[in-house]
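All values below come from the heavy atoms of this structure, side chains included, with hydrogens, waters and symmetry mates left out. For clarity, every value in this text was computed on a predicted model and none was experimentally measured.
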Amino acid sequence: MKLSIIFLSVLILTACVANKQLTTLQREPNESIIVGKIKVLYNGNDVTDKSYLCFNERATGKYDYKPDSTGYIITKLPVGDGFLSRITYTNIIYNLPKDMALFHVSDSNKIHYIGDLTVNWVGPKSKISGMFGLVGAIIDELNNDGDLEVYAINNQNETMKYFYNKFQTDMEVENIVLNVPHPDSLSHHKIFAEINDNPNLLSFNLKKNKSCKGLLRMIKKETIFVEQGKKLYVFKQKNLISIIDQDGNDVTEEILQQTDFKRINFNRYEVIHL
């Protein structure tokens, strides 16, 4: 057991050299080119160029990636299932579950576009570990700091324009945008640690003195879906009395005119029926 702990600790403490954006498309037969873009927001601040991404595993750092100020991702990953496994900012860490940001790389002769991603992360302002030594390092690595969501948008044309400005290639592009929510709830890409601090949230007032706060996520078959962080409120449109903004204005008619809704991944929410 002691040897296992020491071995794991050595891997963790030495996995600090990250891959950077590719300068050549040379790769091994079982590798494929991955293209995308990322923005890491930590408590509302853009910390993309101060962050490290880990793909597929966390122990060795083999597929760690360091975005630059552009946020564009151009790297190599093995053919097969891939996923974003960890994000770090300074000594603050979040380990993503495998199914949170999963994708599949099918062909070493194709370029795989994983989407333009936004990481929405709320966590401590700073971190001082109360644990020391090798075991402490392991515990720090395994514990998540704060909470986050990953969002994706399909912006393939713009991202590939950036790619082709750097590389001359006729390789086919395969779109494998991550199956995660669209960032419609990220107003101006600003995160709010406290729900009530978000000036964009609306109050949905219902019959029988029921209400909720959030953003309109979808109207489907006369059912309204309202998103508030990880909560998704669901209620019948016939039960809605009014929608009020933070300034006390009635915006019911304006809000209900929305029609451009993105697919909802219900597994990402706590669904509450009102």
Side-chain angles (χ1 to χ4, degrees), residues 37-46 84 87 94 96-97 99-103 114-123 144-155 177-274:
K37 191 175 184 182
I38 193 159
K39 176 180 285 188
V40 181
L41 300 175
Y42 190 80
N43 292 339
N45 299 312
D46 188 338
L84 183 58
I87 302 174
Y94 195 95
L96 285 71
D99 61 352
M100 185 175 185
L102 184 67
F103 53 89
I114 62 173
D116 285 20
L117 313 178
T118 300
V119 174
N120 207 16
W121 191 358
V122 177
N144 286 339
D145 299 314
D147 199 7
L148 63 74
E149 292 272 358
V150 179
Y151 300 83
I153 189 170
N154 188 345
N155 194 24
V177 174
L178 269 63
N179 184 25
V180 295
H182 186 279
D184 9 12
S185 65
L186 285 177
S187 178
H188 308 299
H189 289 271
K190 180 69 176 177
I191 193 168
F192 297 87
E194 298 295 334
I195 290 295
N196 290 330
D197 289 342
N198 188 339
N200 301 294
L201 293 190
L202 303 169
S203 295
F204 292 77
N205 302 308
L206 312 177
K207 296 176 182 178
K208 298 183 179 180
N209 292 322
K210 293 182 178 181
S211 65
C212 64
K213 274 192 173 183
L215 298 173
L216 179 63
R217 190 66 175 78
M218 179 179 286
I219 302 176
K220 184 176 182 180
K221 296 181 179 179
E222 298 184 351
T223 299
I224 294 178
F225 300 82
V226 174
E227 181 185 70
Q228 184 200 90
K230 288 191 172 183
K231 296 179 180 179
L232 188 69
Y233 293 97
V234 182
F235 52 87
K236 292 295 183 182
Q237 186 169 344
K238 65 181 181 182
N239 293 328
L240 177 67
I241 297 175
S242 64
I243 305 174
I244 308 298
D245 67 15
Q246 293 283 47
D247 295 325
N249 302 311
D250 189 323
V251 292
T252 308
E253 184 175 348
E254 173 189 345
I255 297 300
L256 294 183
Q257 287 179 353
Q258 296 182 35
T259 57
D260 185 20
F261 301 115
K262 304 297 181 181
R263 178 187 56 81
I264 296 177
N265 182 354
F266 288 94
N267 293 327
R268 304 294 303 137
Y269 298 99
E270 173 191 356
V271 179
I272 302 172
H273 294 272
L274 296 178

Checking side-chain contact (heavy atoms from CB on, under 4.5 Å) for the pair Met100/Leu148: CA distance, chi angles, key distance, verdict?
CA-CA 11 Å; Met100 185 175 185; Leu148 63 74; 3.6 Å; yes

Verify, without hydrogens or angle tests, whether Lys207 (side chain) and Lys238 (backbone) share a donor-acceptor contact under 3.5 angstrom.
yes

Residue list, side chain to side chain donor-acceptor pair (under 3.5 Å) with Ser203, at least two apart or on another chain:
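Applying side chain to side chain donor-acceptor pair (under 3.5 Å) to Ser203 gives none.
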
For the student: nearest non-hydrogen atoms of [X] and [Y], plus distance:
| X | Y | answer |
| --- | --- | --- |
| Asp145 | Trp121 | O-NE1, 2.9 Å |
| Val180 | Val150 | CB-O, 3.4 Å |
| Tyr269 | Arg217 | OH-NE, 3.5 Å |
| Phe235 | Cys212 | CE2-SG, 4.0 Å |
| Ile255 | Leu216 | O-CD2, 3.4 Å |

I'd like to know whether Arg263 forms a side-chain contact (heavy atoms from CB on, under 4.5 Å) with Asn179, so could you lay out the CA-CA distance, the side-chain angles of the two residues, the decisive distance to 0.1 Å, and finally the verdict.
CA-CA 10 Å; Arg263 178 187 56 81; Asn179 184 25; 2.4 Å; yes

Could you walk me through whether Val119 and Tyr94 pass side-chain contact (heavy atoms from CB on, under 4.5 Å), step by step?
CA-CA 11 Å; Val119 174; Tyr94 195 95; over 6 Å; no

Pairwise distance CD(Gln228) to CD(Glu270) - rounded to 0.5 angstrom:
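Gln228 CD to Glu270 CD: 10.0 Å, rounded to 0.5 Å.
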
Could you give the distance from CG (Leu117) to CG (Leu84), rounded to the nearest 0.5 Å?
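With rounding to 0.5 Å, CG (Leu117) is 7.5 Å from CG (Leu84).
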
Verify side-chain contact (heavy atoms from CB on, under 4.5 Å) between Phe261 and Phe225, making sure each step is shown before the conclusion.
CA-CA 11 Å; Phe261 301 115; Phe225 300 82; over 6 Å; no

For Ser242, the side-chain contact (heavy atoms from CB on, under 4.5 Å) test, sequence neighbours excluded, returns Asn205, Ile244, Asp250, Thr252

